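First the proteins, then the strands, lettered A, B, ... as listed; each starts at 1. Quick caveat: nothing in here was measured; it's all calculated off a predicted structure.
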Number of protein chains: 2
Amino acid sequence: MQNQIETFLERVEQCKSLVELNAVVAGLRDIFQVNHVVYHSVNSLGEPYALATYDQEWAEYYESEALYRVDPVVLGAFQRFHPYNWKSLDWEKKTARQFFQEAQDGGVGNQGVSVPVRGPHGEFALFSISHTCSDEAWARFLSVHMPDLLLIGHYIHASIRALEFPGEDGSYVVLSPRETDALRLLGAGLNRGRAAEQLKISEHTLRVYIESARSKLNASNTTHAVAKALAQGLINI
Amino acid sequence: MQNQIETFLERVEQCKSLVELNAVVAGLRDIFQVNHVVYHSVNSLGEPYALATYDQEWAEYYESEALYRVDPVVLGAFQRFHPYNWKSLDWEKKTARQFFQEAQDGGVGNQGVSVPVRGPHGEFALFSISHTCSDEAWARFLSVHMPDLLLIGHYIHASIRALEFPGEDGSYVVLSPRETDALRLLGAGLNRGRAAEQLKISEHTLRVYIESARSKLNASNTTHAVAKALAQGLINI
DNA sequence: GATAAACTCACCGGAAATGGTGAGGGTGAT
DNA sequence: ATCACCCTCACCATTTCCGGTGAGTTTATC
């Protein structure tokens, strides 16, 4: 089994097209003996990407109704780091219970596990496996395969990014130290006056940094510049 | 070897204190037969955390000189997803070459590999291994252990977060759908007028959402609110 | 040694965001 | 059914930000 997974990771890495990757990933169902395998990006802007073995009907319904807004699997992903069992989520709310029922009817298994994957440019994706079985059987599956799932999620994500954005290896925007300082302080909630004070420069000068950062980042205002810098990992708050 | 790593991951998960974790992680040197093992958070605000087997002298010098501002390993981390060989970084610049020399003198190996780890609340950390050997030997090491390193970095990060912030499992701030919409559009560069237009509501109403989001996030202005929401994974751009 | 980029400072007018206060209807939960 | 929270709309005065234009010094790279 461990050998199969290693081979799988290598095949994922070597995929030359998204179609090929799709087929390879679908093959996970045989390796793990589960019903469904899903990878999808969770960015609200930009082109969403999804790769799923679900029935098309369910996938279209999910998309058309924007169910990610109530799906506890997606909502929970934002706060989690390690792979998480769907059973550990909050299914108490009315909308969540209703969603679960609809998902069942749509062919999604009663068990599932998801791996949050976070990338350098603000990307956020989920790799999930779903199955139909008892709680005990599922717990046994997870206790064995959690680490594998983490690896698989990351490899799939890397492969998809590499295929979708071939030239993305290097850095995009490079901010100067002062520009970085400026955006970092603004992102931390200081206004221009305070930020300038903190950096021991005049507010006029600070403005120059903000503007040059804005132009480098192709941002329409300060908030946008800070958001882009954050999303691209140029600053951290 | 593979067995040793599995055992190591289990021990990391079960650590009851940071001191214990420190000792367990240092044990990686024996498992991999390398000189140094390092984990450190890279957040510019908040309490930095570091766990390293480097000489204390070098660690203190690095900290006091704020060398993370020129360290290509740190700078490169922001743009990368998969574990990366230090050799693949840009060492051409004058400051970088000088830093490399100083690091050598400080006892850091000539080879190294780092794993970027991104967490749910904007955390960003680096797990690194450094060693002294030939390029060929290092390439062989990496070709075998890249996946292991990815796993180890994530497990250490999870363990540290669990020990430092015991009650952090649940969610922090919950934004309403409209609040999320508002911050998302503002983070995408729209001004209040355009954002309101997009959401088909009056600008007055939009302002209410911004203000309530600001108060929930304890943010001092719109830019701060968007930055916090981004860092906490409440919105994506 | 030239060229580019970063860092520093300054003015002005118009545009946009903020803080405070108020109000009504809808929905979900205890 | 009451409480809390969400969605929607409005005014006013003040603070802050934006866009354009200009210019001198230092540092780094070719």
*Asks:* Any salt bridge (charged side-chain N to carboxylate O under 4.0 Å, His left out) involving residues 226-235 of chain B? Give me the pairs, sequence neighbours left out, ordered by first then second residue.
*Replies:* none
*Asks:* Among residues 87-98 of chain B, which residues get a heavy atom nearer than 4.0 Å to DNA chain C?
*Replies:* none
*Asks:* So which pairs with a foot in residues 96-119 of chain A pass salt bridge (charged side-chain N to carboxylate O under 4.0 Å, His left out), sequence neighbours left out?
*Replies:* none
*Asks:* Once each nucleotide of nucleotides 12-20 of chain D is scored for protein heavy atoms under 4.0 Å, what B/S/- sequence comes out, 5' to 3'?
*Replies:* B---SBBBB
*Asks:* Using five base pairs at each end to define the local axes, how bent is the helix from C/dG1-D/dC30 to C/dT30-D/dA1, to the nearest 10°?
*Replies:* 80°
*Asks:* Considering only nitrogen or oxygen atoms on both sides, find all protein atoms under 3.5 Å from nucleotides 1-8 of chain D and state each distance.
*Replies:*
unit_1, atom_1, unit_2, atom_2, d
D/dC6, OP1, B/Lys216, NZ, 3.0
D/dC7, OP2, B/Ser176, OG, 2.6
D/dT8, OP1, B/Arg178, NH2, 3.3
D/dT8, OP2, B/Arg178, NE, 2.8
D/dT8, OP2, B/Tyr209, OH, 2.4

*Asks:* Which pairs with one or both residues in residues 52-61 of chain B pass salt bridge (charged side-chain N to carboxylate O under 4.0 Å, His left out), sequence neighbours excluded?
*Replies:* none
*Asks:* With a 6.0 Å cut-off on ring centres, are B/Phe81 and A/His154 close enough?
*Replies:* yes
*Asks:* Applying salt bridge (charged side-chain N to carboxylate O under 4.0 Å, His left out), can you list everything that pairs with B/Asp181, at least two apart in sequence or on another chain?
*Replies:* A/Arg69, B/Arg178, B/Arg184
*Asks:* Taking only residues two or more places apart in sequence or in another chain, which ones pass salt bridge (charged side-chain N to carboxylate O under 4.0 Å, His left out) with A/Glu197?
*Replies:* A/Arg194
*Asks:* Test of understanding: with salt bridge (charged side-chain N to carboxylate O under 4.0 Å, His left out), list the residues that count as partners of B/Glu211, not counting sequence neighbours.
*Replies:* B/Arg214
*Asks:* When rounded to the nearest 0.5 angstrom, what distance separates OG1 in A/Thr223 from CG in B/Asn191?
*Replies:* 10.5 Å
*Asks:* Taking side-chain hydrogen bond (donor to acceptor under 3.5 Å, both in side chains) as the test, write out the residues that go with A/Ser159, two or more places apart.
*Replies:* none
*Asks:* Quick check on the 6.0 Å ring-centre criterion: do B/Phe78 and B/Phe124 meet it?
*Replies:* yes
*Asks:* Applying salt bridge (charged side-chain N to carboxylate O under 4.0 Å, His left out) as the test, list every pair that has at least one member in residues 85-96 of chain B; sequence neighbours left out.
*Replies:* B/Lys87-B/Asp135
*Asks:* With side chains defined as the heavy atoms from C-beta onward, is the minimum distance between B/Leu150 and B/Phe127 less than 4.5 Å?
*Replies:* no
*Asks:* How long is the line joining CG of B/Leu206 and P of D/dA10, in whole Å?
*Replies:* 13 Å
*Asks:* Please step through side-chain hydrogen bond (donor to acceptor under 3.5 Å, both in side chains) for the pair A/Tyr39 and A/His157, ending with a clear verdict.
*Replies:* CA-CA 8 Å; A/Tyr39 167 94; A/His157 181 76; 2.7 Å; yes
*Asks:* Rounding to an integer number of Å, can you tell me how far B/His204 NE2 sits from D/dA10 P?
*Replies:* 5 Å
